[in-house]
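Note that ligands are numbered from 1 as they come in the structure, with each ligand's atoms numbered from 1 the same way. What you see is a predicted model; the values in this text were computed from it and never measured.
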Amino acid sequence: MEDFGQKVDLTQRIREVLLNYPEGTTILKEMIQNADDAGASQVCFCVDRRRHAVDSLVSPPLAQWQGPALLAYNNAAFTEEDFQSISRIGDSKKRGQAWKTGRFGIGFNSVYHLSDLPSFVSGSHVVFFDPQCQFLPSISSLNPGKRIDFVTSTALENFPDQFSPYCAFGCDMRRPFGGTLFRFPLRSAEQAATSKLSKQSYTSTDMLELLRDLYHEIVQVMLFLKNVERVEFYEWSAGSSSPTLLYSCAVRLPTSEIRSHRQLFLRLSKGKDAAASEETKDVFRLELVTKAYTGADSGKESLSSFLISQAMGSSASRIGALATNAFKSYGLRLLPWASVAASILPGKEWRSKVARFASFRFL
Ligand SMILES: Nc1ncnc2c1ncn2[C@@H]1O[C@H](COP(=O)(O)OP(=O)(O)OP(=O)(O)O)[C@@H](O)[C@H]1O
Ligand SMILES: [Mg+2]
């Protein structure tokens, strides 16, 4: 008897994912969405321009990934189920949890636009993915990545150059980390020439442009989130001991009342199979403060105010009946949920404004 099963080529699968996920700010928005689903209240992006030393690495081929990187931090840690979920493409553990936005188990993989060797630290583990099986030691296509318990293995003492790039945003690589810090070392032009994942290369300057683009869209991104209250953008210059804050966006006065409104969908959908028996409507005011710390806009703070209206259809409504049937017939958890936001411009009657942004969730 010989092994003879159907297999998926991982690099081919990732190339397909990249075709369906556009480059650009979408990649960063996927990260914000995952942090929001994990319950994080804070997200930070940082363009790390430093070149880290290459003398004490886990294996020599990793030296080429010690250059510029995108760091993405959030203050929620992975559960063991999350580790399992991220290690499978297209098999999200969130599917049975209607209150989470993630559904397909694919969004994270859009980071392969930027990097061939994504990695992250969460809790007491550091994880490296190497789909091409080229850079990590004793790697095989059956297990194209590594997870190391850095607390028990004293990784930082043994391989200081490998793990010092993760000492950022409160992570010290000695004690378990209560948040998550991704490091995506950017694919250089030389690496792009031979990469089986993407022919696109990125520089630190490209990344800074990407952060600036996201900053210009961040207010719309924040409108329909459940947990994230603050997003910060940093640059870490070569030779600096800490990163420099470039821009921020935060919910103004995140009171328990605002939090409760933002988490309404989460509460309504938890433990329910389909629509609520009664229609639920909710309106609240959300104010977001954006601030630039450098450049021509330095010190400029601006306030954006919105009226957010959200509703869940009743199980008796037509749309609710459709959702109930979908659950009965196909086991699909559909929820008739919609939310819209109207921008309130200063000095004007809000009624006169049209809804500018909308998000419909018929999950
Ligand atoms: N704090 C966190 N920050 C970022 N990702 C996290 C965090 N905690 C857990 N995760 C995990 O990251 C993974 C995100 O994967 P991915 O975006 O590919 O799938 P998804 O969100 O389930 O589905 P979708 O493709 O619809 O986004 C999930 O497995 C999730 O559990
Ligand atoms: Mg996701």
Side-chain angles (χ1 to χ4, degrees), residues 8 10 13-46 69-115 118-129 131 144-145 147 166 168-171 176-184 197 214 221-222 224-232 263 265-266 269 332-335 337 359-363:
V8 180
L10 183 57
R13 181 75 187 93
I14 289 172
R15 285 196 298 277
E16 279 165 16
V17 169
L18 297 186
L19 281 178
N20 291 318
Y21 279 80
E23 280 174 71
T25 53
T26 307
I27 307 166
L28 307 179
K29 289 178 197 162
E30 287 292 332
M31 289 182 218
I32 296 178
Q33 189 198 91
N34 286 338
D36 192 54
D37 275 346
S41 59
Q42 197 183 0
V43 172
C44 301
F45 293 108
C46 175
L70 174 72
L71 304 179
Y73 159 81
N74 68 69
N75 61 347
F78 270 57
T79 60
E80 187 50 39
E81 190 174 67
D82 288 324
F83 279 108
Q84 297 312 319
S85 204
I86 205 167
S87 67
R88 277 195 292 267
I89 301 185
D91 182 18
S92 180
K93 294 272 178 206
K94 295 181 197 169
R95 207 168 297 146
Q97 303 169 312
W99 60 95
K100 296 196 173 175
T101 308
R103 212 106 304 259
F104 306 108
I106 295 188
F108 167 77
N109 297 284
S110 60
V111 301
Y112 287 109
H113 275 301
L114 311 177
S115 182
S119 60
F120 65 95
V121 174
S122 196
S124 36
H125 288 99
V126 53
V127 170
F128 294 86
F129 290 137
R147 181 166 87 158
Y166 302 86
F169 295 98
C171 174
F177 183 44
T180 298
L181 177 69
F182 291 92
R183 178 172 185 268
F184 306 115
L197 304 180
L214 180 66
V221 174
M222 295 272 284
F224 302 109
L225 298 179
K226 306 169 289 260
N227 298 301
V228 174
E229 293 171 358
R230 189 172 181 84
V231 180
E232 293 176 338
Q263 296 181 351
F265 179 74
L266 193 149
S269 59
L332 282 176
R333 283 175 65 94
L334 299 182
L335 290 166
W337 171 263
S359 122
F360 295 96
R361 297 232 306 211
F362 193 65
L363 301 175

J.: Which of the atoms in ligand 1, numbered in the order shown and given with their element, are less than 4.0 Å from a heavy-atom of Ser85?
T.: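 Those qualifying, in numeric order: 29 (O).
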J.: Tell me which part of Asp82 gets within contact of ligand 1: side chain, backbone, both or neither, using heavy atoms under 4.0 Å.
T.: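 It is both backbone and side chain that touch ligand 1.
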J.: Quick one: does Glu81 get a heavy atom under 4.0 Å from ligand 1?
T.: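 Heavy atoms of Glu81 never come under 4.0 Å of ligand 1.
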J.: With heavy atoms of Ala76 as the reference, note each atom of ligand 1 found under 4.0 Å away.
T.: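 So the answer, numbered in order with elements, is 1 (N).
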J.: Using the side-chain contact (heavy atoms from CB on, under 4.5 Å) rule, pick out the option among Ile32, Val231, Val43 that qualifies with Met222.
T.: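 By the side-chain contact (heavy atoms from CB on, under 4.5 Å) criterion, Met222 pairs with just one of Ile32, Val231, Val43: Val231.
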J.: Parallel, tilted or perpendicular, judged at 30° and 60°: which one describes the rings of Phe120 and Phe182?
T.: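 Tilted.
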J.: Using a strict 4.0 Å cut-off to heavy atoms of Glu30, name the atoms of ligand 1 that fall inside it.
T.: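 Listed by number with element: 27 (O).
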J.: Once you restrict to heavy atoms under 4.0 Å, what part of Ile86 touches ligand 1? Side chain, backbone, both or neither.
T.: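 Ile86 to ligand 1: contacts from backbone and side chain alike.
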J.: Is it true that a side-chain atom of Asn109 and a backbone atom of Ile14 form a donor plus acceptor pair closer than 3.5 Å?
T.: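 No, Asn109 side chain to Ile14 backbone: no donor-acceptor pair under 3.5 Å.
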J.: Please check if the side chain of Asp36 supplies one atom and the backbone of Asn227 the other of a donor-acceptor pair under 3.5 Å.
T.: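 Confirmed, Asp36 side chain pairs with Asn227 backbone.
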J.: What part of Met31, side chain, backbone, both or neither, has a heavy atom within less than 4.0 angstrom of ligand 1?
T.: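 None of Met31 does.
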J.: Could you say whether the N/O atoms of Ala77 and ligand 1 ever approach to under 3.5 Å?
T.: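 No, there is no polar N/O contact under 3.5 Å.
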J.: Atoms of ligand 1 less than 4.0 Å from Gly105 heavy atoms?
T.: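 Every atom of ligand 1 under 4.0 Å from some heavy atom of Gly105: 18 (O), 19 (O), 20 (P), 22 (O), 23 (O), 24 (P), 25 (O).
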J.: Could you report the tightest heavy-atom contact between Ala72 and Phe184, atom names first, then the distance?
T.: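 Closest pair (atom of Ala72, atom of Phe184, distance): CB-CE1, 4.3 Å.
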J.: Measure across Leu181 and Tyr73 and return the closest heavy-atom pair with its distance rounded to 0.1 Å.
T.: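 Nearest pair, atom of Leu181 first, then Tyr73: CD1-CB, 3.8 Å.
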J.: In ligand 1, which numbered atoms sit nearer than 4.0 Å to a non-hydrogen atom of Gln33?
T.: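 In order of number, 27 (O).
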J.: Examine Ala35 against ligand 1 and note whether any of their N/O atoms are separated by less than 3.5 Å.
T.: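 Between Ala35 and ligand 1 (N or O atoms, distance only) the closest approach is not under 3.5 Å.
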J.: If you take the nearest heavy atom of each of Ile32, Asn74, Val111, Asn34, which one is closest to atom 3 (N) of ligand 1?
T.: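 Closest candidate by heavy-atom distance is Asn74.
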J.: Kindly give the heavy-atom pair with the smallest separation between Arg183 and Ala69, and that separation in Å.
T.: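 Smallest interatomic distance, heavy atoms only, reads NE-CB, 3.8 Å.
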J.: Hey, do the aromatic rings of His113 and Tyr21 have their centres closer than 6.0 Å?
T.: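 No.
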J.: Please work out whether any backbone atom (N, CA, C, O) or any side-chain heavy atom from C-beta onward of Ala38 is under 4.0 Å from ligand 1, and answer side chain, backbone, both or neither.
T.: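 Answer for Ala38: side chain.
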J.: Which option out of Phe182, Phe78, Tyr73, Phe120 puts a heavy atom nearest to atom 7 (C) of ligand 1?
T.: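 When every heavy atom of Phe182, Phe78, Tyr73, Phe120 is considered, Phe78 comes closest to atom 7 (C) of ligand 1.
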J.: Go through the side-chain N and O atoms of Asp82 and Thr79 and say whether any donor and acceptor fall under 3.5 Å apart.
T.: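 Yes, because at least one side-chain N or O of Asp82 sits under 3.5 Å from a partner of the opposite role on Thr79.
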